[in-house]
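Here's the structure we're looking at; comments come further down.
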2 protein chains.
Amino acid sequence: MANHSASLDTAFHALADPTRRAVVHRLVRGAAPVKELAAPFEMGLPAFLKHLRVLEESGLIATEKRGRVRTCRLQPGRLTETERWLSRQRALWDASAERLAAYVETQMEEDETE
Amino acid sequence: MANHSASLDTAFHALADPTRRAVVHRLVRGAAPVKELAAPFEMGLPAFLKHLRVLEESGLIATEKRGRVRTCRLQPGRLTETERWLSRQRALWDASAERLAAYVETQMEEDETE
DNA sequence: TCTATGGTTCACCGTATGGCAAACCATAGC
DNA sequence: GCTATGGTTTGCCATACGGTGAACCATAGA
């Protein structure tokens with residue numbers, strides 16, 4: 001399992017901030033320019049641009065500048081990559097829990113035959 | 001959508017570190033004492049304990065001390081909570097992509113009738 | 001060409017993070 | 001009781017993070 005993965009590092013880090021999660025949540029509905037994305041937040045543009053940079057460097061979003069407006073769009077690959085790591089852990093957990101349940105059952109049967 | 005969620009903040013933050021992800025990955029196979037968890041890593045115990053603290057405060061793991069050994073076990077709830085946020089985003093993305101596809105198709109039909 | 005708009009850069013600040021070494025505490029086992 | 005073991009606390013350090021204000025750049029539109 002690739003626990004030591006730079007892309008997971010940056011993706012999880014990017015998602016650890018409510019502002020950035022909100023941006024992702026907005027972008028799943030489609031691309032948007034920086035100003036529109038920044039509108040709902042109290043902070044200044046420089047701070048907001050830093051968040052966008054973090055998202056872009058994590059590969060969660062891609063941006064393109066046409067004229068003077070920069071358009072941001074979601075890059076769903078990274079989202080599914082992190083989702084897959086999580087679901088894999090849960091799958092392992094479930095398998096392990098099943099093993100545990102099976103073991104407990106075995107023990108109970110042995111108790112019966114005592 | 002709860003983008004502004006302290007538990008998502010701390011969970012994602014906790015998972016943004018390869019050491020902590022490795023600990024989670026180990027704990028899906030079952031509970032383990034601190035020393036065993038720390039063994040694979042180069043860092044000293046104090047540093048490692050900080051990681052455990054982050055994991056515990058995020059709710060991803062729970063720990064209990066019996067005698068002089070502290071046992072750590074996974075708390076799968078938080079894992080599924082973060083997984084659910086991600087899958088929700090992807091679901092919205094898919095829906096939006098489908099809408100886009102439907103729209104494109106509509107446009108093509110309109111082109112045909114021109 | 002002038003102006004407003006949308007972004008960008010820069011310098012700075014306080015706090016959080018991730019690591020260390022060293023000293024310390026508490027219990028298991030002889 | 002002594003010692004080894006497993007864990008904890010404390011103080012320190014360098015770097016990263018999230019924000020600010022001010023100055024700046026480049027293009028769209030009158």
Measure from CG on B/L49 to P on C/dG18 and round the result to the nearest Å. 14 Å
When the nearest nucleotide of DNA chain C is assigned to A/V34 and to B/K65 on a heavy-atom basis, which residue is associated with the more 5' position? A/V34
When you list every nucleotide of DNA chain D with an atom under 4.0 Å from a heavy atom of chain B, which one comes first 5' to 3', and which comes last? D/dA4 to D/dT9
Atom-to-atom span, CD of B/E57 to P of C/dA16 - whole angstrom: 12 Å
Is it true that A/S7 and A/E81 share a donor-acceptor pair across their side chains at a distance under 3.5 Å? yes
Cut-off 3.5 Å, side chains only: do B/T63 and B/R70 have a donor facing an acceptor? yes
On DNA chain C, does the nearest nucleotide to A/T71 precede the nearest nucleotide to A/K50 from the 5' side, or the other way round? Give the residue. A/T71
Starting at CG of B/L15, measure out to CG of B/L79 and round the result to the nearest 0.5 Å. 6.5 Å
As a quick check of understanding, evaluate salt bridge (Lys or Arg N to Asp or Glu O under 4.0 Å) for A/R90 and A/D94, giving each step before the final call. CA-CA 6 Å; A/R90 195 178 42 76; A/D94 289 346; 3.3 Å; yes
Quantified as the angle between the terminal helix axes (five pairs each), what is the overall bend of the helix from C/dT1-D/dA30 to C/dC30-D/dG1 to 10 degrees? 30°
Starting at the 5' end of DNA chain D and moving along, which residue's nearest nucleotide shows up first, B/V69 or A/A47? B/V69
For B/E64 and B/R73, what are the C-alpha separation, side-chain angles and deciding distance, and is it a salt bridge (Lys or Arg N to Asp or Glu O under 4.0 Å)? CA-CA 9 Å; B/E64 190 193 4; B/R73 66 185 66 253; 5.0 Å; no
From B/E56 CD over to B/L49 CG, what is the distance, rounded to the nearest 0.5 angstrom? 10.5 Å
Side-chain N or O of B/H51 versus OP1/OP2 of C/dT17: is the shortest distance under 4.0 Å? no
Nearest 0.5 Å please: distance from the CG atom of B/L60 over to the CG atom of B/L27. 10.0 Å
Whole angstroms only, please: what is the CG-C1' distance between B/D17 and C/dG19? 11 Å
Could you tell me how far apart A/E64 (CD) and C/dG7 (C1') are, to the nearest whole angstrom? 16 Å
Nearest-0.5 Å distance that lies between atom CZ in A/R53 and atom OG in A/S58: 13.0 Å
Between residues 36-45 of chain B and DNA chain D, which residues have a heavy-atom gap below 4.0 Å? B/L45
To the nearest Å, how far apart are B/F48 CZ and C/dG18 P? 13 Å
To the nearest Å, how far apart are B/R68 CZ and C/dC24 P? 20 Å
Tell me whether the side-chain N/O atoms of B/H13 come closer than 4.0 Å to OP1 or OP2 in C/dT17. yes
